Each structure stands twice: as C-alpha cells, then as structure tokens.
Amino acid sequence: MSPVAAVLLIPAAAAAVLAFVPGYALGARINLGASLLTLVAACALFGVAGDVAGDYLLVDSLNIVFVVLNSFVGFTAAAFSAGYIGHELAAGRLTPVNLRFYHAMYQLMMFGMNLALVSNNIGLMWVAIELATLTTVAMVGLYRTHEALEAAWKYFILGSVGIALALFGTILVYMAAQPVLGEGAASMVWTRLMSGAARFDPAMLNVAFVFLLLGYGTKVGLAPLHAWLPDAHAEGPTPISAVLSGLLLNVALYAVLRFKMLMAANPEAVAPGPLMVALGLLSAVFAGFMLYRRRDIKRLFAYSSIEHMGIIVFAFGMGGPLANFAGLLHMTMHSLTKSAIFYAVGSVAQVKGTQRIADICGLTQSHPALGFGLAVAVLAIAGMPPFGVFMSEFLIVTSTFARAPVLALLLVLGLMVAFGALLMRLTGVLFGTPEGPSAPAEASLLPLYSHMALVLLAGLHLPEPVVAWFQAVARLLG
Amino acid sequence: MDGLAFDIAHLLAGGLVLVSFMMLYQDRLYALLNVFALQAVVLAAAVAWQARIQEAHHLYVTAAIALVFKAVIVPWALHRIMQRLGVHREVETVVSIGPTMLAGMGLVALSVVLMLQLTAAADNPLAREDLAFALSVVLLGLLMMVTRRNAVSQVVGFMSLENGLILAATGAQGMPFVVEISVAFSVLIALIVIGVFLFRIRERFDTVDVGALDEFRGDRQ
C-alpha cells in the first residue's frame, strides 16, 4: 500500500472499527495505535520520490510538511486523550457511549484533515474540510452542557457560513478555469489549474479569492470572523481543543495558501498578499488586546491561537523566501506549543476541577511537574528565547522591518500586548499560593514534555534537513 | 442560445431571489417553512431548465433532489420537530423587518453590480447573470441567518443560502457532478447535525431560541 493511501485508509478504517468497539479502554488503545500507524505512514511520504500527482491525490513538498505535523500532533493528542477521558469517565462527565462516538469521530476527523491536505482537486478538498469541521462540531458538543451546546451551535452556524463562502469561491475558480481547461473535472485539478492559471480571467480569480479567503479564513479564525473559536475551544473536551488549535486551523490555512499560489501564478490578478497582511495584522493586534479580559483559561489560550494564526497569515501575506520560511516555522512551532499548552491545561482543569483562572493558583507548588511544564510552554508561546517560537517571530519581525517598518511596528505592538496579557493572567496561576481543591494529575505528561523538547530543540538549533526542506517549500510558495 | 431559453432561465433565477425576499418578511415559522418549500420548487425548476439548455442530463438528478428533499422532506421534518417541541411560532428578529428588507435590497444591488462588472470579459451572458442572482440568494440567506434569533429560522436561512450555491454550481457549464452530490449530501449531513442539536437543546431548554443560550456564555459567569 502506498503511503498516500495509508494516511487516508488507516484513519478511515479505524473510525469504522471504533464505532463498534464497546470498551473505552480498548477504544483508546485502538485510537492511539491507529494514530501511530498514520504517523508512520506520514513519515514514509518522505520516501515517495518527487511529486506524485494523480487526478485526485497530490503529494508535494508543501503538503508533506502539513501531513507529518498533522499526524504527529494527532498521535500525541490521542496519547493525552487516553488518560484524559479516563478521568472524565470517572468524574461522570462522559459516558462509555459518548466515548465510543468520540473515538470514531476522532479518527474520522483525522481522515478528513489528511484528505484535505493530500487532495489534488479543489472540490474534494472542500468536501474534506467540511467533513473535518462537522466531526469537530460533534465533538465540541460532546459534554451536552448548556455552554457546550451553545458553543457547538455557534461553531456550526459560523463554520457553515464560512464553508458556503468557500464553495462559492471554488465555483468561481472553476468558472475562471473552464474556458481555458475545458469542461468537467479537469478544471478542478490543482496541478492543471496551476499550469493554466496565467490564462485565466483575472477579474474572476480576484472575486474568487476574496470569497475563498473569507470562507477558509473563518476556519483559520481570522479576526472579524473568529467568533466561534473561543467558545469551541473552551467548551469541548481538551484533547479536541488541542487538535483544533494545532491542526484544524492549519488545514484551513493550507487551503488559503494553495489559492494564494494560484493567484500568484496569474500575472494580472490582484496580489493576494496585502489582503492577507491586513487580516493577519488585525487578528494579531485584536486578539492581543482581547487576552486581557479573559477569565477562563482555555478561552485565554484560544485567543492566543487567534493571535498566532494572525501572525502566520501576516507572514505568508508578506511573502518572499524569508517571510514564507518564517511563516512555516511559526506555524509548526505554534502547533507544537499550543497543543502542548492544551495538554497541560486539560490536566490542570482536571486536578483543580475548574477552568476559571481566578480559582487556579500556585500550580508550580502543588503540582511541580505539571506546573513547570505549563510555565515553560507559556514562556515559549509568549515568544521568549530560547524556544522555536521566538526564532520564528524574530524572523518575521526582522524580515518585515526591512520591507515595511510601519507594519513591523504594529506587529511588535500586538506581540508585546499579548506577552503582557499572558504574564498578567498566568503569574498567579503558576506561582501564587496554592489553595482550593486539588487532585493528582492522571493524564500523561509525556506528550507535553515531548512537544516542548522539540520546540526547545528547534529554538537552539534547527536541523539542517528541516531548514533545507522549509526553504524549498518557501520558494514554492513564492 | 435562443432568446426564449435565456429568458426562462433568467425568470427562474430571478424568481429565486424574489422568494428569498419573501422569506425576509415572514413573521410566522410555519409560513417561513412554506416559503422555503416554494423556493426549493423554484430552484428545482431552475436547475431542470439549466439541465435542458445545457443538455447536461445529470443535472436532472440535482433538480429531483431539490424537489423531493428540500421542497418536501425537510420542511415536513422541521414542521414535525416544531410541533413536537412546542416551539414559539413567531419568528424572533434581531433587526425589524423594514431595515432588513432595505439591507437585502442593498445586498442584491451590490452583488449584481459586482458580478456584472467583474465578469464583463466572460463570453457567456447566462452564466454571468446566473452568478449575480446566485450571489444575491447567498447574501440574502446570510442576512436572514444574522437577523433571526430562532434556531429554526437560522437553519432555514442556511438552507436558502445553499440553494444559492446550487444555482451557482449549475450555472457553471459542465461543473463536475461530484460537487452537486456533495452539496446535496452536505444538506443531508447538516440536517442530521441540526436535528441532533435541536433535540439536545430541547433536553435542557423549553425554547430553541438561540438568544436564550447566550446567558450561559462561559465568559459572563
């Protein structure tokens, strides 16, 4: 079986099996095993010589990065989830039937995301992203509390609007391509679209890109369209918050990047960069200020995700080899760090029995292993050296300073505001005097530590092959 | 393309926009469902006409799906859900009807101006005007979703938005069938999810008015 087929078939098969496995412990183990196999298959993609492009599937240096990152975080989240759900079951917040549904949905979501990443057809990609979204909607509503239902409903409505706008954009791209590439499926295949893009009607492409950016941008969580994101992160099970922040946002971003490449291939179409820069900057600065008013710890980090997605979109909007490289690096670092934070926060919420920031104090004293792990992850996401996030933010800011100093200043403003907010909100949580109920942490801390080790390693010394690979991708992105 | 075929396609697509407007001023949920069923019938006719003039026979399937699924099954199911839940029968609005209608006119003008100007180079006038109408329907659906507070009327707004998408997809010559199936399929999935949600919300509340859920927002505790 080819690795491309494997990254799709393993999660699909696992989802089918998990729907019928009654025991939650067995289900969690199958979930973990399937995620590991998917990760192995994703790594085997590197062995695929050159680009593979069929009518439906595509593997090139860009999407390999996304698939490997996706499968890795998917695997560690499954490992964290195994311990997490045991506690939720014991606490009576979930039932075994919920968990069977949860595990099947988890693998179905992994299937949807991987399909979106390797599809070579804009219609298929749209369907896959929609599938991934619907599965996460179902998981966000898993607890069936008032808050969870409202969050899932809001996510569903806003997500549907986003996906509808994206479909309209997809239809417009087809209509732009159809006079050049002919009728039928040929006009929806990526590789053919790219080779014919120079002859498309530029006006049609422009309108299409606006719809695609707004549509997929809703899923990325860009500022005016972000309203679903904090609720969905705060009310769903924490492994899902980790996967949402670390993966689903990236998948939507991937779609935006693909269409940006298409726009760039047409010399007469409007440059997509400034639009992305504006939306990205707005998100980063807006979310930075919004961080101050958060009282719920998962909501706090959800706003931090909006901020970082803004920074990433900003970097890709600036374009050029250096900014693209920095954007890719920042995306990878953010996925690793933010999912690590959610692993820590999930355990914190379980040991303290609350998500309210005011009720959580002095974690480094009461739970040193967990508390210091969270402290390190927070320092990393706030952009402190020597972590990878610092390096990527530094690259983004310096490369922007050389080209547009005013934009760089605004970005730095956003970064500083967010940094201050995180310190202000979390100092008490980490270093105050412990009080209130506390139980020993049950979920494994290994996923948290392994992510942070990778982020630290990337900050100290980025391995040569990774640099070369990212540089190649950055050139591809233009 | 001969004049009559063009005129009929135009009439049906325009009719879809008109029915979208009719949905905006309904103040009873049952009436709203009836108007939605009417829109689905008009959509089915528009799609079938496109199938005829494009000689794209697979589009008849899309038309049939619109007719059977959207015009009959969905309104019927929502009707039953509302009866069983004992939902308030009034449409609760965020913005009153007058300003909503004005905003709707603005959106239609916007989409017509935008689409006709930007696609001036395209050689197929039917596709262009269909696209302008389709965008109008999409935007009116969006408007309905943001100006209504009941879960049921938001769902209807969403489905009317999808009707606009199908009109756009069928107007695009030779758009692969995969997409039509996916659109129809997404409606099905959407309905299942929505159904689940409505029932789950019912487990805890006496209303499906989403506004009532706002007070449970995590940040306002």
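Residue numbers start from 1 in every chain, and the chains themselves are labelled A, B, ... in the order their sequence lines are given, proteins ahead of strands. Being a predicted model, the structure only gives us computed values, none of them experimental.
Taking CG of B:Leu131 as the reference point, atom CD1 of A:Ile171 lies at 8.0 Å (rounded to 0.5 Å). Atoms CG and CG, on A:Leu172 and B:Leu135 in that order, are 8.0 Å from each other to the nearest 0.5 Å.
Heavy atoms from other residues, nucleotides or ligands lying under 6.0 Å from CZ of A:Phe289 number 12 at most.
The contact between A:Ala164 and chain B is made by backbone and side chain atoms together, counting heavy-atom distances below 4.5 Å. Residue A:Phe168 touches chain B through both its backbone and its side chain, counting heavy-atom pairs closer than 4.5 Å.
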